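For reference, the structure discussed in these notes is given below.
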Protein chains: 2
Amino acid sequence: MIAATDSSGVSPAWLAELTFDAQGLIPAIAQDADSGTILMVAWMNAEAVQETVRTGCAVYYSRSRQRLWRKGEESGHIQQVHDIRLDCDGDVLLLKITQIGGIACHTGRQRCFYRHLDLAAKPPQWLIQDPILKDPQSIYGTPKS
Amino acid sequence: MIAATDSSGVSPAWLAELTFDAQGLIPAIAQDADSGTILMVAWMNAEAVQETVRTGCAVYYSRSRQRLWRKGEESGHIQQVHDIRLDCDGDVLLLKITQIGGIACHTGRQRCFYRHLDLAAKPPQWLIQDPILKDPQSIYGTPKS
């Protein structure tokens with residue numbers, strides 16, 4: 001497990017309350033502070049959690065790139081963090097945020113949860129309900145995988 | 001990975017859109033359909049997802065008990081599911097629910113995210129903000145670990 005420590009080499013007490021998984025990660029939900037809309041879920045390691053607390057901007061750990069992911073570092077769509085909450089088991093974080101630019105998803109949509117399961121269809125099917133607000137290529141310059 | 005199949009032995013197309021982890025699980029967020037409050041996060045396997053879709057009540061997979069966990073089976077605090085959403089990567093589910101009994105957390109609180117990180121404190125510390133609405137022993141009969 002990846003342990004974050006302060007200058008004395010000791011993990012802060014508040015950080016020790018978190019339960020990281022075998023990969024040293026904890027999931028974090030980003031929820032719009034005003035509307036309550038759930039925008040995305042990403043992962044943090046201890047370093048990302050500490051930097052988020054220190055800077056007030058959401059920092060995740062990219063599992064695909066295997067490095068810290070300062071949300072908005074390419075797109076400018078940073079997340080200002082107003083509140084950090086922890087669940088009863090200590091293994092999920094909840095961030096109340098303001099999404100700069102109004103786009104949290106790499107597809108150019110407001111939120112990652114843009115698919116809704118249509119149960120009226122037989123069999124059920126996923127329907128895309130949210131519009132693309134901005135072409136991902138204009139956000140990132142190059143196509144995102 | 002645990003695969004759920006229909007009577008023909010084929011995984012339904014809508015279920016095949018989900019990405020389960022190495023343990024065959026996917027996290028599911030339960031959000032109050034009216035207030036937008038995030039109540040809890042738990043895990044589902046393919047069977048739990050299918051039973052949730054079929055019954056309209058949230059069914060999770062208990063990692064500690066290693067079996068299906070029909071939410072409310074002991075407490076009566078079932079979750080009526082109104083909407084199921086999937087994120088862009090297909091690896092997180094979002095349920096909009098009505099929490100019967102108004103208590104989602106096994107501690108007897110409305111929600112599992114009852115701890116708030118107090119950043120005004122130096123060093124930061126977790127503060128419990130939500131009241132216990134019902135003694136867990138009266139909910140479950142025996143103390144929950």
Side-chain angles (χ1 to χ4, degrees), chain A residues 6 12-15 17-18 21-22 27 29 31-32 34-42 49-50 52-54 56 63-64 81-96 104-107 109 111-119 121 123-130 144, chain B residues 6 12-15 17-18 21-22 27 29 31-32 34-42 49-50 52-54 56 63-64 81-96 104-107 109 111-119 121 123-130 144:
Chain A
D6 61 17
W14 67 268
L15 189 62
E17 292 291 311
L18 275 60
D21 69 10
I29 306 168
Q31 182 180 34
D32 185 277
D34 289 327
S35 68
T37 300
I38 299 177
L39 301 175
M40 55 179 279
V41 172
V49 177
Q50 289 196 299
T52 298
V53 167
R54 194 170 64 246
R63 293 175 298 174
S64 57
V81 179
H82 304 293
D83 184 30
I84 301 176
R85 308 189 73 89
L86 183 63
D87 76 346
C88 53
D89 297 327
D91 61 0
V92 183
L93 287 167
L94 168 58
L95 312 181
K96 302 283 187 79
C105 184
H106 76 285
T107 64
R109 294 179 174 89
R111 57 176 173 174
C112 296
F113 293 94
Y114 56 81
R115 284 186 282 181
H116 151 80
L117 189 59
D118 179 10
L119 295 172
Q125 57 182 324
W126 296 104
L127 295 182
I128 294 179
Q129 293 192 310
D130 298 16
K144 293 281 280 187
Chain B
D6 62 17
W14 66 268
L15 189 62
E17 293 290 311
L18 276 59
D21 69 10
I29 305 168
Q31 181 180 34
D32 184 278
D34 290 326
S35 69
T37 300
I38 299 178
L39 300 174
M40 57 178 278
V41 172
V49 176
Q50 287 196 299
T52 298
V53 167
R54 194 171 64 245
R63 293 175 298 174
S64 58
V81 178
H82 305 292
D83 185 30
I84 300 176
R85 307 188 76 87
L86 183 63
D87 75 348
C88 52
D89 297 326
D91 61 1
V92 183
L93 288 167
L94 169 58
L95 313 181
K96 302 284 188 79
C105 184
H106 75 285
T107 64
R109 295 180 174 88
R111 57 177 172 173
C112 296
F113 293 93
Y114 56 80
R115 284 186 281 181
H116 153 79
L117 189 60
D118 178 11
L119 295 171
Q125 57 182 324
W126 296 104
L127 295 182
I128 294 178
Q129 293 192 311
D130 297 15
K144 292 281 281 187

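FYI, side chains are in, hydrogens and waters are out, and symmetry mates aren't considered; it's all heavy atoms of this structure. Residue numbers start from 1 in every chain, and the chains themselves are labelled A, B, ... in the order their sequence lines are given, proteins ahead of strands. Source: prediction; values computed, not measured.
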Is it the side chain or the backbone of [X] that comes within 4.5 Å of chain A heavy atoms, both, or neither?
X        : value
B/Asp130 : side chain
B/Leu93  : both
B/Asp91  : side chain
B/Leu94  : both
B/Arg111 : side chain

Next item on the list: Could you tell me the separation between the CD1 atom of B/Ile29 and the CZ atom of B/Arg85, rounded to the nearest 0.5 Å?
Entry: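 B/Ile29 CD1 to B/Arg85 CZ: 12.0 Å, rounded to 0.5 Å.
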
Note to self: So, taking the atom named CE in B/Met40 and the one named CG in A/Asp87, what distance separates them when rounded to the nearest 0.5 Å?
What the structure shows: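 Interatomic distance, B/Met40 CE to A/Asp87 CG, rounded to 0.5 Å: 9.5 Å.
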
Margin query: Show, in sequence, the C-alpha distance, side-chain angles and deciding distance for A/Trp126 and B/Ile84, and conclude whether the side-chain contact (heavy atoms from CB on, under 4.5 Å) test is met.
Written below: CA-CA 9 Å; A/Trp126 296 104; B/Ile84 300 176; 4.0 Å; yes

Note to self: If you count heavy-atom pairs within less than 4.5 Å of chain A, which of B/Ile38, B/Leu119, B/Asp83 leads?
What the structure shows: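 With the most close heavy-atom pairs to chain A, the winner is B/Ile38.
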
Notebook entry, point to check: Is B/Gln31 reaching over with its side chain to a backbone N or O of B/Gly36, donor-acceptor style, under 3.5 angstrom?
Noted result: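 A pair under 3.5 Å: yes.
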
Next item on the list: Give the intermediate values and the outcome of side-chain contact (heavy atoms from CB on, under 4.5 Å) for residues B/Leu39 and B/Phe113.
Entry: CA-CA 7 Å; B/Leu39 300 174; B/Phe113 293 93; over 6 Å; no

